[in-house]
Engineer: 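Here it is: the structure, laid out below.
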Amino acid sequence: MKYWLMKSEPEAFSIDDLKRKRTEAWDGVRNYQARNFMRDSMRPGDQVFFYHSNCAEPGIVGIAEVASAAYPDPSQFDAKSKYFDPTSKREEPRWMLVDVKFVKKLKRTITLDELKGHETLDEMLLLRKGNRLSVMPVAATEWRYILTLE
DNA sequence: GCCAACGTTGGC
DNA sequence: GCCAACGTTGGC
């Protein structure tokens, strides 16, 4: 089993939204590296840190689980969607996604600022300068360590 | 709202 | 294949 971190802007889709809906198709990823992680490496049952980005208190707010294999992101074919990609063909979809299932909310937000203060997490992808990936792997050691911070 | 740090696009 | 221009992400 692998571990991941997925970012979402809480104004667009928050951990509370996921809790209410139980499962969500993680659509709208339009970055090749992030897509490749979902398409090639994610498996049902993998665990996910749910991260709130671009907000007052960025940080890890909950845990989710990969709930499907990768399949084509339907929004790429929807002309009314802001994720519409006119260059993607149905016979050869460019963008893939997975379903993500709610597991739990953390008792508190483990903030980005706090994560930066732990030497153990120095190598964490999330904390690398300039990293803007919305889907990224988390090392098992990092996963376990972060859970002890809750 | 600002802007650094990207990734993508397209002219050449 | 280079690289300038442009668009996006996301912390602050």
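Residue numbers start from 1 in every chain, and the chains themselves are labelled A, B, ... in the order their sequence lines are given, proteins ahead of strands. Atoms considered below: every heavy atom in the structure, side chains included; atoms not considered: hydrogens, waters and symmetry mates.
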Engineer: So if you build clusters from Ile, Leu, Val, Met, Phe, Trp, Tyr with side-chain heavy-atom gaps below 4.5 Å, do Val103(A) and Met38(A) land together?
Structural biologist: yes

Engineer: Give the minimum heavy-atom separation between Phe37(A) and Pro137(A), together with the two atoms involved.
Structural biologist: CZ-CD, 3.5 Å

Engineer: With a 4.0 Å limit, can you tell me whether Lys7(A) has a side-chain N or O closer than that to the phosphate oxygens OP1/OP2 of dG10(C)?
Structural biologist: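 For dG10(C), OP1/OP2 do have a side-chain N/O of Lys7(A) under 4.0 Å.
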
Engineer: Whole angstroms only, please: what is the CD-P distance between Gln33(A) and dT9(C)?
Structural biologist: 15 Å

Engineer: If the plane angle is over 60° it's perpendicular, under 30° parallel, otherwise tilted; pick one for Trp143(A) and Phe49(A).
Structural biologist: parallel

Engineer: What is the distance, rounded to the nearest whole Å, between atom NZ of Lys82(A) and atom P of dT8(C)?
Structural biologist: 11 Å

Engineer: Tell me the interatomic distance from Ile60(A), atom CD1, to dG11(C), atom P, rounded to whole angstroms.
Structural biologist: 12 Å

Engineer: Could you tell me the separation between the CG atom of Asn54(A) and the P atom of dG1(B), rounded to a whole number of Å?
Structural biologist: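 Value for this atom pair: 13 Å.
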
Engineer: How long is the line joining CG of Asn131(A) and P of dA4(B), in whole Å?
Structural biologist: 18 Å

Engineer: Find the distance Glu9(A):CD to dG10(C):C1' and express it as a whole number of Å.
Structural biologist: 8 Å

Engineer: Between dT8(C), dG10(C), dT8(B), which nucleotide has the shortest distance from any of its atoms to the side chain of Tyr32(A)?
Structural biologist: dT8(B)

Engineer: Expressed as a whole number of angstroms, how long is the span from Tyr83(A):OH to dT9(C):P?
Structural biologist: 8 Å

Engineer: With a 4.5 Å cut-off on side-chain heavy-atom distances among I, L, V, M, F, W and Y, is there a chain of contacts connecting Phe13(A) to Tyr83(A)?
Structural biologist: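 No, because Phe13(A) and Tyr83(A) fall into different hydrophobic clusters, even though each may have its own neighbours under 4.5 Å.
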
Engineer: Relative to the 5' end of DNA chain C, which residue comes earlier, His52(A) or Arg132(A), by the nucleotide with the nearest heavy atom?
Structural biologist: Arg132(A)

Engineer: What is the distance, rounded to the nearest whole Å, between atom CG of Leu133(A) and atom P of dG11(C)?
Structural biologist: 13 Å

